[in-house]
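These notes concern the structure reproduced below.
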Number of protein chains: 2
Amino acid sequence: MSKDAKHTGLAVEVSMEQMSAFFKVLSDKTRLSILMELLDASLCVMHISERVGMSQSAISHQLAILRRADLVRVKRNGKTLVYSISDEHVRLMLDMAMLHINEEGKQ
Amino acid sequence: MSKDAKHTGLAVEVSMEQMSAFFKVLSDKTRLSILMELLDASLCVMHISERVGMSQSAISHQLAILRRADLVRVKRNGKTLVYSISDEHVRLMLDMAMLHINEEGKQ
DNA sequence: TCCTCATATGAATGATTGTTCATATGAATA
DNA sequence: TATTCATATGAACAATCATTCATATGAGGA
């Protein structure tokens, strides 16, 4: 079962399954914190771990999920793996969410 | 702990808690199906239930969650309660997600 | 080549959440 | 006002998922 974006005229075919999976990735505080840090700068796992304030293991598990969802990319730099945001949709997505939350309850 | 959208220059202050809660609402297949139906037209609970193919109770539970998140609005019409999308962010959000999913794996 | 250090991964557990079933609520209309 | 019908709600259960702990992996530098 799938639905296209008839409203915007976009010729996009996407399943409900894929969409919920995508939003599920964005629905975790730890993963959001990671993304927020990566919006500012590319970082290695250790640094993300420090900034977000969670264990290396926890961060690594979550980065794997972000990778699978194509929200972050990895690049090796010497001994460390440097993670970065993979595309602009993420940024827009987060801003859109912030806008919505900010307007909740108004009017 | 909160973060503002320094990247877009938006003066929005939102907590990680609020953001994850928002995306969590969008991360369920049933709720997404409901929203998709409501993008086409305002509907009463019974009709949503029929179209989505789930029990009245299940739909009602999910509508309550969508209401609390300010994603849908209710209006009484005689004996029935008519639900509709509450604002344009939802539409944009869904389109953005579809775009991202559609571009996954490319390049 | 061997060791080391950064990162990944597997299993286990506690917490969260969606659905069902049963029932309550309450506005509309007869 | 009494009844009915649409919708909401509570409790219970199964399933999903994030974190921890322990350990594996494997590229880099000596």
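Just so you know, these numbers come straight off a predicted model, no measurement behind them. Numbers restart at 1 for each chain; the letters A, B, ... are given by sequence-line order, proteins then strands.
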| query | Does a nitrogen or oxygen in the side chain of B:Arg76 sit under 4.0 Å from OP1 or OP2 of C:dG26? | reply | no
| note | Between B:Val82 and B:Ser42 the two heavy atoms that sit nearest each other are CG1-CB, 3.6 Å
| field | Selection from C:dT7, D:dC21, D:dT7 that lies nearest to any side-chain heavy atom of A:Cys44 | value | C:dT7
| request: Decide yes or no on side chain to side chain contact (heavy atoms under 4.5 Å, CB included) for B:Met19 and A:Met36, but give the supporting numbers first. | output: CA-CA 11 Å; B:Met19 286 202 104; A:Met36 289 305 207; 3.6 Å; yes
| field | Value rounded to 0.5 Å, distance of CG in B:Leu71 from CG in B:Leu38 | value | 10.5 Å
| What's the shortest heavy-atom distance between A:Ala69 and A:Val25, and which atoms? | CB-CG2, 3.9 Å
| said: I need the CD1-C1' distance between B:Ile48 and D:dT7, as an integer number of Å. | reply: 11 Å
| query | Minimum heavy-atom separation for A:Lys24 to A:Arg31, with atom names? | reply | O-NH2, 3.1 Å
| note | Students should find that the end-to-end axis angle of the helix from C:dT4-D:dA27 to C:dA30-D:dT1, with five pairs defining each axis and rounding to 10 degrees, is 40°
| task | Please tell me which of the listed nucleotides, D:dT4, D:dG10, C:dT9, lies nearest to the side chain of B:Lys79? | result | D:dT4
| query | OP1 or OP2 of C:dT20 less than 4.0 angstrom from a side-chain nitrogen or oxygen of B:Ser55, does that happen here? | reply | yes
| message | In this structure, how many angstroms lie between the P atom of D:dT16 and the CD atom of A:Glu17, rounded? | response | 11 Å
| request: Could you tell me the separation between the CZ atom of A:Arg68 and the P atom of C:dA8, rounded to a whole number of Å? | output: 11 Å
| In whole angstroms, how far is the P atom of D:dT25 from the CG atom of A:Leu81? | 17 Å
| query | Would you say the side chain of B:Gln56 and the base of D:dA6 hold a donor-acceptor pair, judged only by whether the two atoms sit under 3.5 Å apart? | reply | no
| task | Would you tell me if any nitrogen or oxygen in the side chain of A:Tyr83 comes within less than 4.0 Å of OP1 or OP2 on C:dA6? | result | no
| Would a 4.5 Å heavy-atom cut-off, applied to side chains only, mark A:Met46 and A:Gln56 as touching? | no
| Exercise: identify the closest heavy-atom pair between B:Arg51 and B:Glu37 | CD-OE1, 3.4 Å
| note | In short, A:Cys44 meets A:Thr80 closest at the heavy-atom pair CB-CB, 3.8 Å
| said: Output the rounded distance in Å from CE (A:Met54) to P (C:dT7). | reply: 17 Å
| query | Hey, is the side chain of B:Gln62 poking within less than 4.0 Å of OP1 or OP2 on C:dT19, counting only N and O atoms? | reply | yes
| Is the closest basic N to carboxylate O distance between A:Arg73 and A:Asp70 below 4.0 Å? | yes
| Among residues 23-35 of chain B, which contact DNA chain D at a heavy-atom distance under 4.0 Å? | none
| task | Would you please determine if the base of D:dT19 is stacked by A:His61, with stacking meaning a centroid separation under 5.5 angstrom and planes under 30 degrees? | result | no
| task | Identify whether any heavy atom of A:Ser60 sits under 4.0 Å from a base atom; if not, whether one sits that close to sugar-phosphate; answer base, sugar-phosphate or nothing. | result | base
| remark: Of A:Ser57 and B:Leu63, the one whose closest nucleotide on DNA chain D sits nearer the 5' end is B:Leu63
| field | Between D:dA8 (C1') and B:Leu66 (CG): distance, integer Å | value | 15 Å
| Roughly how many Å is it from CG in A:Asn77 to C1' in C:dT7, rounded to a whole number? | 15 Å
| request: Could you tell me whether the side chain of A:Leu35 reaches within less than 4.5 Å of the side chain of A:Leu26, counting heavy atoms only? | output: yes
